[in-house]
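Written out below as structure tokens is the structure these notes cover.
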Amino acid sequence: MEKTIDENVQGTTLVVEGKEVNKRNLYIESYGCAMNFADSEIVASILATEGFNTTQTLEDADLVLVNTCSIRDKAEQTIRKRLTEYNKVKKTRPHLKVGVLGCMAERLKDKLLDEEKIVDMVVGPDAYKDLPNLIKEVDSGRDAVNVILSKDETYGDIAPVRLNTNGVTAFVSITRGCDNMCTFCVVPFTRGRERSRDPQSILVEVKELSENGFKEITLLGQNVDSYLWYGGGLKKNFENASDMQKATAIGFSKLLEMVALANPKMRIRFSTSNPQDMTLEVIRTMAKHKNICNHVHLPVQSGSNRILKAMNRLHTIEEYFELTDEIRKILPGCSISQDIITGFPTETEEDHAATLKALEHVKYDFGFMYSYSERPGTMAGRKMEDDVPEATKKRRLSEIIALQRSHCQFRTEKHVGQIQEVLIEGTSKKSEHEWKGRNTQSTVVVFPKENYKVGDFVNVQINDCTSATLKGVAVGYSDNN
């Protein structure tokens with residue numbers, strides 16, 4: 001799955017200001033990518049109207065929900081341990097109900113409910129609107145399950161509750177599902193086929209965020225470049241659309257421009273892009289609008305054409321290089337980040353060398369690198385032997401990380417000496433006397449607090465850097481406030 005996993009937020013419990021009329025407590029814990037965290041906000045919004053307030057204290061909970069991820073085996077093992085802990089709490093709170101949401105729920109429903117009996121409820125990513133009915137079932141002493149994948153559910157009609165937010169940045173989901181069928185990925189099986197949200201509902205959500213003081217949004221999807229609105233329905237059915245539907249269809253570059261024009265003071269990011277679907281029209285749109293950030297997350301996965309083919313990545317490394325070269329021609333200041341999987345089945349030293357060569361060619365600003373973890377149900381899991389030894393995977397991964405770290409240093413050093421606009425997101429982790437934020441390229445910047453506050457756009461003189469962080473001094477507000 002081409003979604004970056006932020007290890008710092010795994011297992012975060014979400015909480016929002018409660019309503020006095022609500023008498024039950026929901027403890028919701030999230031794992032995985034940004035899409036899962038955005039889905040947790042949708043779930044909290046649905047259950048807020050069903051009498052639930054959120055809590056971060058497990059012992060106060062009446063309902064525990066774990067929004068799960070199947071992307072890596074480590075995530076599944078962590079979630080299983082957590083579910084065992086929740087069941088221990090039931091001994092002191094026998095009315096407590098435990099449910100699993102999301103990707104792992106769909107894939108392991110029988111095992112979790114019937115075989116291991118560690119949950120009361122299993123809810124797939126397209127069934128959150130059915131939660132009120134499912135909760136009634138478990139309240140009556142029956143197990144409940146709904147993992148039916150939808151052809152049209154986008155949750156576009158639900159305003160997410162913004163949980164644990166800094167009040168500055170927010171995710172806005174624009175697509176659900178994925179059609180790409182990469183052989184290492186479970187997403188098409190756990191989240192279904194690709195469908196896009198009505199652009200008007202997206203514009204309404206972004207407008208409401210702006211009115212509530214948010215300064216930056218990330219348009220979110222398994223593959224945002226595949227966004228295609230022609231009145232509703234699956235993307236794969238677009239070929240059957242009417243001539244009028246095709247003529248008035250809205251793709252991602254058009255949606256991006258619509259959002260940028262409607263909200264000129266709102267910073268706009270997007271994630272994740274797929275090399276086979278990304279068009280240069282998107283980059284040209286970015287170049288036209290100052291409020292669209294100059295960063296593209298463009299997973300490469302491998303530098304070897306043989307491995308790319310085995311992964312069912314529908315592009316060659318040469319096509320990928322052509323794309324990244326064009327991005328930097330059209331938008332010279334654009335940062336590019338990557339996902340890489342090392343140790344994919346049959347990967348040789350020659351294939352690994354090709355990945356290192358790809359890193360050298362692009363010199364990414366930053367990246368997310370993993371060793372291959374076989375996921376049951378994927379094509380690779382069914383058809384390919386996980387034949388690269390763990391020791392070899394670890395060695396190759398360490399070589400990739402070391403090279404990427406040198407490129408991070410190379411890219412961050414290029415910012416030194418410049419004045420850059422930074423959106424303040426919060427206090428620096430290392431010093432309570434410093435703010436942290438990001439520049440348009442998504443690089444973290446820290447600087448002395450002075451009289452600025454969270455949510456301010458500040459011009460910062462960049463004086464120094466590490467491989468991952470820029471350091472500077474504020475020289476005044478930017479004209480974006």
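Just so you know, these numbers use all the heavy atoms, side chains as well, and skip hydrogens, waters and symmetry mates. Residue numbers run from 1 in the order of the sequence given.
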Ion pair present between D479 and K290, side-chain N to carboxylate O less than 4.0 angstrom?
-> yes
Are a donor atom and an acceptor atom from the side chains of E318 and N305 found within less than 3.5 Å of each other?
-> yes
N-O pairing of E425 and K436 below 4.0 Å = no
Taking only Lys NZ, Arg NE, NH1 and NH2, and the carboxylate oxygens of Asp or Glu, determine whether E216 and R438 approach each other closer than 4.0 Å.
-> yes
Hey, could you give me each pair passing ring pair (Phe, Tyr, Trp, His ring centres under 6.0 Å) that has a residue in residues 398-423? Not counting sequence neighbours.
-> none
By side chain to side chain contact (heavy atoms under 4.5 Å, CB included), T440 pairs with (sequence neighbours left out) C293, N294
Would you call K430-E434 a salt bridge at under 4.0 Å N-O?
-> no
Using a strict 4.0 Å threshold on nitrogen-to-oxygen distance, state whether E194 and R176 make a salt bridge.
-> no
Please determine, by modelled atom types, if T183 and N312 share a side-chain donor-acceptor pair under 3.5 angstrom.
-> no
Residue list, ring-ring contact (aromatic ring centres under 6.0 Å, His included) with H289, at least two apart or on another chain | none
Considering residues at least two apart in sequence or located in another chain, which fulfil the salt bridge (Lys or Arg N to Asp or Glu O under 4.0 Å) criterion with D386?
-> K393
Have E421 and S478 got a donor and an acceptor in their side chains that come within less than 3.5 Å?
-> yes
For E350, does the CD atom sit with more than 12 other heavy atoms under 6.0 Å from it, leaving out its own atoms?
-> no
Pair R197 + E205: basic N to acidic O under 4.0 Å = yes
More than 12 non-hydrogen atoms from neighbouring residues, nucleotides or ligands closer than 6.0 Å to NZ on K363, yes or no?
-> yes
Name all residues meeting the salt bridge (Lys or Arg N to Asp or Glu O under 4.0 Å) criterion together with K309; count only those two or more places apart in sequence or in a different chain, and write none if there are none.
-> none
If a pair satisfies ring pair (Phe, Tyr, Trp, His ring centres under 6.0 Å) and one of its residues is in residues 248-273, list it, with sequence neighbours excluded.
-> F252-F270
Look at atom CG of D243 and say whether more than 12 heavy atoms of other residues, nucleotides or ligands are closer to it than 6.0 Å.
-> no
Crowding at CE, M384 (>12 non-hydrogen neighbours, <6.0 Å) | yes
Between Q222 and N274: side-chain donor-acceptor atoms closer than 3.5 Å | no
Do the charged groups of D126 and R193 touch, with an N to O distance under 4.0 Å?
-> no
Examine the side chains of Q441 and N439 and answer whether a donor and an acceptor come within less than 3.5 Å of each other.
-> yes
Sequence neighbours left out, cut at 3.5 Å: what donor-acceptor pairs do the side chains of residues 396-405 make with other protein atoms?
residue : atom : partner : partner atom : Å
R396    : NE   : E349    : OE2          : 3.2
R396    : NH1  : E347    : O            : 3.1
R396    : NH1  : E347    : OE1          : 2.9
R396    : NH2  : E349    : OE2          : 2.9
S398    : OG   : K394    : O            : 3.4
S398    : OG   : R395    : O            : 2.7
E399    : OE1  : H352    : NE2          : 2.7
Q404    : OE1  : Q338    : NE2          : 3.1
Q404    : NE2  : Y364    : O            : 3.0

May I ask you to say whether K236 pairs ionically with D179, meaning some side-chain N is under 4.0 Å from a carboxylate O?
-> no
Residue set satisfying side chain to side chain contact (heavy atoms under 4.5 Å, CB included) with R306, at least two apart, ordered chain then number -> S304, T346, T348, D351
Do S271 and T218 have side-chain N/O donor and acceptor atoms under 3.5 Å apart?
-> no
With A249, which residues qualify under side chain to side chain contact (heavy atoms under 4.5 Å, CB included), at least two apart?
-> L228, Y230, F238
Around atom NZ of K246, are there more than 12 heavy atoms of other residues, nucleotides or ligands at under 6.0 Å?
-> yes
Would you kindly say whether K235 and S226 are connected by a side-chain donor-acceptor distance under 3.5 Å?
-> yes
Check the pair N67, Y31 against side-chain contact (heavy atoms from CB on, under 4.5 Å), reporting the backbone distance first and the verdict last.
-> CA-CA 6 Å; N67 200 344; Y31 294 85; over 6 Å; no
Neighbour count >12 (heavy atoms, 6.0 Å) for atom CD, Q418 = yes
K471: what forms a salt bridge (Lys or Arg N to Asp or Glu O under 4.0 Å) with it, not counting sequence neighbours?
-> none
Sequence neighbours left out, what passes salt bridge (Lys or Arg N to Asp or Glu O under 4.0 Å) with D277? Give chain and number order.
-> none
Residue list, side chain to side chain contact (heavy atoms under 4.5 Å, CB included) with V422, at least two apart or on another chain | V445, F447, V460
Would you call K357 and E360 a salt bridge, taking side-chain N to carboxylate O under 4.0 Å as the test?
-> no
